[in-house]
2 protein chains.
Amino acid sequence: MKVSELAKAYGTTPDTVRYYTRLKLLNPIKSENGYKYYPPTEVSRFKFILSARQLGFSVSDIQQIVDEASHGKAACPLVRALIKERLAETEKQFLAMLKLRENMSSALEQWECKEDKAPTSTMVCHLIDSFEPLNEEEPSDEK
Amino acid sequence: MKVSELAKAYGTTPDTVRYYTRLKLLNPIKSENGYKYYPPTEVSRFKFILSARQLGFSVSDIQQIVDEASHGKAACPLVRALIKERLAETEKQFLAMLKLRENMSSALEQWECKEDKAPTSTMVCHLIDSFEPLNEEEPSDEK
DNA sequence: GTAGACCTGTGTGTAAGACACAGGTCAATA
DNA sequence: TATTGACCTGTGTCTTACACACAGGTCTAC
């Protein structure tokens, strides 16, 4: 398969295929005309990369995994370790987004009935300046 | 205030202050020794920028807002319009992260009791290859 | 033969800073 | 006064995971 065929076959873009190829994650065969051709083993590797990306692995993670496997070792322990890390990060980001989302919609609501005001030398926008976050800190277990 | 003082005062880094300064969002006074000094108006502008960032505005958004305000116009309509956009994007990303998080923890669970396997020419890692996403598509309102 | 559609590699752009680096400045100490 | 060490400066490069641009080569159909 050629670059664009491979991309189309899996619903991505030629640039993505080229990107992985630049990083040597994919190793196509160069034909006489200079085009890259991806044999079945490379096609299945591409499928693998896409699956791993969908699971939240970074491209650098995938490089490590592929490297491990290319030495004949089972990459499974590494894969398990990495996904724990990535899951923890995702959890953190997820909570941050949750809070951000709450604050944003709270702001939108608070601003609904506020008037416009012209700026001053010390105030760019009174809406943003006056915004009160919902719950700055959970009361946790304070009695 | 000097760069690092300003950064410390608001719990950020000198690089952040310098970044906004490079973009001309902040306009410090240069003293004879070459150091940048931020007068009170710039300090309150920095506070404003940080508040806006916390609310999910991009730096480019903030540039637009500041630009509007510097022409003496009320930036409020722009601010309201922008936060609607950003909120919609955040919502999308939030749902994507939710799904990712579910898939990641589902994968972790599925892999808990699976054995390690050595790679083959067409398989880098059987864990990733064999992963089944939880709910590829919500049944929505199919009877 | 040539037009138009595809392909190529390479280089640059993105967001929001983080980090590096060579050198200047300042306060305190020896 | 000289020096040490902590801070400061601007500038340039790095990060992620591609997207986009560009000049030019190749292929297919007419």
Side-chain angles (χ1 to χ4, degrees), chain A residues 1-38 42 45-46 48-66 82 85-86 89-90 92-93 96-97 100, chain B residues 1-38 42 45-46 48-66 82 85-86 89-90 92-93 96-97 100:
Chain A
M1 296 182 105
K2 288 186 282 186
V3 170
S4 297
E5 286 169 3
L6 185 54
K8 205 166 292 178
Y10 293 99
T12 58
T13 68
D15 278 316
T16 300
V17 174
R18 285 204 198 95
Y19 178 58
Y20 297 151
T21 305
R22 274 187 221 192
L23 297 182
K24 313 239 175 189
L25 264 175
L26 293 175
N27 302 291
I29 296 158
K30 274 206 174 176
S31 78
E32 304 152 1
N33 57 17
Y35 286 20
K36 289 174 227 160
Y37 285 91
Y38 297 82
E42 295 306 305
R45 170 161 295 190
F46 186 53
F48 168 77
I49 297 173
L50 293 178
S51 303
R53 292 284 301 127
Q54 275 211 62
L55 272 169
F57 292 98
S58 71
V59 171
S60 155
D61 289 344
I62 297 171
Q63 280 181 314
Q64 285 181 61
I65 293 167
V66 165
L82 284 173
E85 274 182 59
R86 298 298 160 252
E89 290 167 13
T90 301
K92 248 181 125 172
Q93 290 172 32
M97 280 207 99
L100 175 62
Chain B
M1 295 182 106
K2 288 186 282 187
V3 171
S4 296
E5 286 169 3
L6 185 55
K8 206 166 290 176
Y10 294 99
T12 58
T13 69
D15 278 317
T16 300
V17 175
R18 286 205 198 96
Y19 178 58
Y20 297 151
T21 305
R22 272 187 223 193
L23 297 182
K24 314 237 176 191
L25 265 175
L26 293 176
N27 303 291
I29 296 156
K30 273 205 176 177
S31 78
E32 305 153 1
N33 58 17
Y35 286 20
K36 289 174 226 158
Y37 285 90
Y38 297 82
E42 294 307 304
R45 171 160 293 190
F46 186 54
F48 168 77
I49 297 173
L50 293 178
S51 303
R53 292 285 300 128
Q54 275 211 65
L55 272 171
F57 292 99
S58 71
V59 171
S60 156
D61 289 344
I62 296 171
Q63 281 180 313
Q64 286 181 61
I65 293 167
V66 165
L82 284 173
E85 273 183 59
R86 299 297 160 253
E89 289 168 13
T90 301
K92 247 182 127 173
Q93 289 173 33
M97 278 207 100
L100 175 61

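We name chains A, B, ... by the order of the sequence lines, and we start the count at 1 in each one.
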Worksheet item: For DNA chain C, whose closest nucleotide is more 5', that of B:V59 or that of B:Y37?
Response: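 The residue whose closest nucleotide sits nearer the 5' end is B:V59.
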Indicate whether OP1 or OP2 belonging to [N] is found under 4.0 Å from a side-chain N or O atom of [X].
X: B:T13; N: C:dG17; answer: no
X: A:K36; N: C:dG9; answer: yes
X: A:N33; N: C:dT8; answer: no

Whole angstrom value for the distance that separates [atom2] of [N] from [atom1] of [X]:
X: A:F57; N: D:dT16; atom1: CZ; atom2: P; answer: 17 Å
X: A:E89; N: D:dT16; atom1: CD; atom2: C1'; answer: 13 Å
X: B:Q93; N: C:dA15; atom1: CD; atom2: C1'; answer: 12 Å
X: B:Y35; N: C:dG23; atom1: OH; atom2: P; answer: 16 Å

Fill in: Near-strand residues of residues 15-31 of chain B, defined as heavy-atom separation under 4.0 angstrom from DNA chain D
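Contacting residues: B:R18, B:R22, B:K30.
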Practice prompt. Work out which heavy atom in A:I62 is nearest to a heavy atom in A:A52; give both atom names and the distance.
Written response: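 What the structure gives for the nearest pair is CD1-CB, 3.6 Å.
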Worksheet item: Got a sec, which residues hit side-chain hydrogen bond (donor to acceptor under 3.5 Å, both in side chains) with B:Y20, two or more places apart in sequence or on another chain?
Response: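 Once residues adjacent in sequence are excluded, B:Y20 has no partner under the side-chain hydrogen bond (donor to acceptor under 3.5 Å, both in side chains) criterion.
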Fill in: Salt-bridge present (B:E89, B:R86; N to O < 4.0 Å)
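The answer is yes: the pair qualifies as a salt bridge.
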Worksheet entry | From CG (A:L50) to CG (A:L55), nearest 0.5 Å |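 The CG atom of A:L50 sits 11.5 Å away from the CG atom of A:L55.
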Worksheet item: When rounded to the nearest 0.5 angstrom, what distance separates CE in A:M1 from CD in A:E42?
Response: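 Result: 13.0 Å between the selected atoms.
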Discussion item. Short of 4.0 Å, heavy atom to strand atom, which residues of residues 3-11 of chain A count as contacting DNA chain C?
Written reply: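 Nucleic-acid contacts, sorted: A:V3, A:S4.
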Discussion item. Among D:dA19, C:dA16, C:dC7, which nucleotide has an atom closest to any side-chain atom of B:R53?
Written reply: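 Within the option list, the nearest is C:dA16.
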